[in-house]
Amino acid sequence: MTLYLDVIWFLNFCIDYLLIALTAIVLKRRFNRIRFIVGALFASLIVFLMFTPLGALFYQPWMKAIYSIFIILIAFGFKRWSYFFQGLLMFYFVTFMTGGGLFALHFFWQTEIDFLAAVSSPAQAGVGSGISWVFVVLGFPLVWYFSKARIETIEVKKIHYEQLATVTIHLFGQSIKTQGLIDSGNKLHDPITRAPVMIIETTCLEETFGQDVISAISTLDVFNDSDSKLSDEWMKRTKIIPYKVIGQSNPFLTAIKPDSVSIEHDGQVYHANQVLIGLQEESLSPDQAYQCIVHPALVRQPSISPVAN
């Protein structure tokens with residue numbers, strides 16, 4: 001059987017470049033396209049070295065490890081040992097991850113082998129099986145893109161979970177506990193008192209105070225609050241705050257003044273009295289990871305002793 005090394009080399013070059021690029025993406029390193037191309041060229045040379053008198057060496061695990069070290073040094077350089085080992089280990093990880101993805105994809109479609117063999121051209125015998133070539137050329141970019149998307153999703157969730165806090169709202173002698181997301185971009189304040197405003201889903205309060213009461217509060221605005229049937233106690237705690245976001249037609253937000261709010265985050269408990277709670281009827285988190293948005297001003301100085309471990 002005739003082997004076209006130039007075709008095999010080009011495929012390996014493309015795969016090596018994508019693996020190096022994915023390593024850089026995961027580690028958030030500067031994207032140096034020239035260094036990546038040179039690193040991929042060096043990595044793909046192993047295709048030709050396999051057919052030299054030294055070819056047997058490149059089947060040895062220790063030689064592959066040395067070769068991969070040079071790939072990382074070419075692609076990312078050397079700044080310090082931790083930087084180097086991060087790149088090397090992540091390069092192995094993304095290689096195993098994409099390789100495992102291809103294996104799983106092949107296993108999933110293995111019942112179609114007979115059909116693919118029927119449509120494969122005998123003229124492709126010189127470059128290997130038509131099945132394997134179509135599978136690698138189409139499957140590898142698919143697995144690469146899927147891996148990149150999943151890693152980015154994991155990173156976003158990690159950031160979110162690092163910013164989650166346990167929020168306890170004290171109101172009318174009741175305590176409502178829920179999960180909150182500390183949003184550094186939340187700059188909402190009451191324009192009169194300058195009290196920070198946190199946002200909470202109305203469902204968190206409906207179980208304690210009833211759906212009718214919370215619904216009546218959340219639908220208040222500057223035009224119909226005189227027609228409200230809410231008690232004086234609720235009306236004294238209710239404020240209308242100018243609030244405008246994309247996709248929202250109502251330029252106002254109804255907020256409640258609680259007795260106090262306690263926020264537990266990163267081993268500390270923060271206590272706030274001067275705070276307002278804006279009511280949001282829509283879900284704040286699609287996966288229900290949190291039910292309120294915490295104003296960053298509320299978690300600056302702890303006013304209660306640290307949480308015991």
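Here the structure is a predicted model, which is why all the values come from computation and not from measurement. Numbers for residues simply follow the sequence, beginning at 1.
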(request) Could you tell me whether a side-chain N or O of Thr254 sits under 3.5 Å from a main-chain N or O of Ile217, the two making a donor and an acceptor? (result) yes

(message) Can you classify the ring geometry of Phe84 versus Phe78 as parallel (below 30°), tilted (30 to 60°) or perpendicular (above 60°)?
(response) tilted

(message) Testing the basics here: between Ile71 and Phe91, what is the closest heavy-atom pair and its distance to 0.1 Å?
(response) CG2-CZ, 4.3 Å

(request) Report the residue from Ile240, Ile199, Leu279 that forms a side-chain contact (heavy atoms from CB on, under 4.5 Å) with Leu253. (result) Ile199

(request) For residues Ile293 and Ile200, determine if any side-chain heavy atom of one lies less than 4.5 Å from a side-chain heavy atom of the other. (result) no

(request) Spell out, as yes or no, whether a donor-acceptor pair under 3.5 Å connects the side chain of His271 to the backbone of Val269. (result) no

(message) Could you check whether Gln274 and Thr193, counting side-chain N and O atoms only, form a donor-acceptor pair closer than 3.5 Å?
(response) no

(request) Determine yes or no for a side-chain-to-main-chain donor-acceptor pair under 3.5 angstrom, with His295 supplying the side chain and Ala297 the backbone. (result) yes

(message) Between Phe42 and Asp16, is there a side-chain heavy-atom distance shorter than 4.5 Å?
(response) no

(request) First locate atom CD of Glu281, then atom CD of Glu206, and finally report the distance between them rounded to the nearest 0.5 Å. (result) 8.5 Å

(message) With salt bridge (Lys or Arg N to Asp or Glu O under 4.0 Å) as the rule and sequence neighbours excluded, what pairs involving residues 253-262 come up?
(response) Arg237-Asp259

(request) Side-chain contact test, heavy atoms from C-beta onward, threshold under 4.5 Å: evaluate it for Phe85 versus Arg80 and give yes or no. (result) no

(request) Give a yes or no answer on whether the side chain of Thr52 reaches the backbone of Leu49 with a donor-acceptor pair at less than 3.5 Å. (result) yes

(request) Could you please spell out the steps behind the side chain to side chain contact (heavy atoms under 4.5 Å, CB included) verdict for Glu201 and Glu282? (result) CA-CA 7 Å; Glu201 296 178 8; Glu282 303 296 329; over 6 Å; no

(request) Using distance alone, with no hydrogens and no angle criterion, decide if Gln291 and Thr178 have a side-chain donor and acceptor under 3.5 Å apart. (result) yes

(request) Any chance you could lay out the side chain to side chain contact (heavy atoms under 4.5 Å, CB included) test for Leu188 and Ile241, step after step, and finish with the verdict? (result) CA-CA 9 Å; Leu188 186 60; Ile241 299 173; 4.3 Å; yes

(message) When you compare the side chain of Phe209 with that of Ile214, does any pair of heavy atoms fall below 4.5 Å?
(response) yes

(request) Calculate, to the nearest 0.5 Å, the distance between atoms OH and CG belonging to Tyr17 and Leu22 respectively. (result) 12.0 Å

(message) Before you tell me yes or no, could you show the steps for Ile176 and Thr168 under side chain to side chain contact (heavy atoms under 4.5 Å, CB included), namely the whole-Å CA-CA distance, both residues' side-chain angles and the distance that decides it to 0.1 Å?
(response) CA-CA 5 Å; Ile176 299 95; Thr168 304; over 6 Å; no

(message) Can you confirm whether His170 sits close enough to Val261 that some side-chain heavy atom of one is under 4.5 Å from a side-chain heavy atom of the other?
(response) no

(message) I'd like to check Cys292 versus Cys204 (side-chain heavy atoms, cut-off strictly below 4.5 Å). Are they in contact?
(response) no

(message) Rounded to the nearest 0.5 Å, what separates atom CG in Asn32 from atom CD1 in Ile20?
(response) 11.0 Å

(request) Verify the neighbour count for atom CZ of Arg194: are there more than 12 heavy atoms of other residues, nucleotides or ligands below 6.0 Å? (result) yes

(message) More than 12 heavy atoms of other residues, nucleotides or ligands under 6.0 Å from CZ of Phe172: yes or no?
(response) yes

(request) Flag the pair Thr23 / Phe93 as yes when at least one side-chain heavy-atom distance between them is below 4.5 Å, and no otherwise. (result) no

(request) Any chance you could lay out the side chain to side chain contact (heavy atoms under 4.5 Å, CB included) test for Val197 and Ile277, step after step, and finish with the verdict? (result) CA-CA 6 Å; Val197 180; Ile277 302 174; over 6 Å; no

(request) Give, for atom CD1 of Ile182 and atom CG of Leu164, the distance between the pair rounded to the nearest 0.5 Å. (result) 8.0 Å

(request) Scan side-chain atoms only and decide if Ser68 and Tyr92 contain a donor-acceptor pair under the 3.5 Å cut-off. (result) yes

(request) Can you measure from NE2 (His265) to OG1 (Thr166) and round to the nearest 0.5 angstrom? (result) 10.5 Å

(message) Please confirm whether the ring centroid of Phe36 lies under 6.0 Å from the ring centroid of Phe76.
(response) yes

(request) For Asp183, check salt bridge (Lys or Arg N to Asp or Glu O under 4.0 Å) against everything at least two apart and list the hits. (result) none

(message) Is the shortest side-chain heavy-atom distance between Leu276 and Met198 below 4.5 Å?
(response) no

(request) State the CG-OH distance between Leu181 and Tyr290, to the nearest 0.5 angstrom. (result) 5.0 Å

(request) Return yes if some donor-acceptor pair links the side-chain N/O of Tyr67 with the main-chain N/O of Trp62 below 3.5 Å, else return no. (result) no

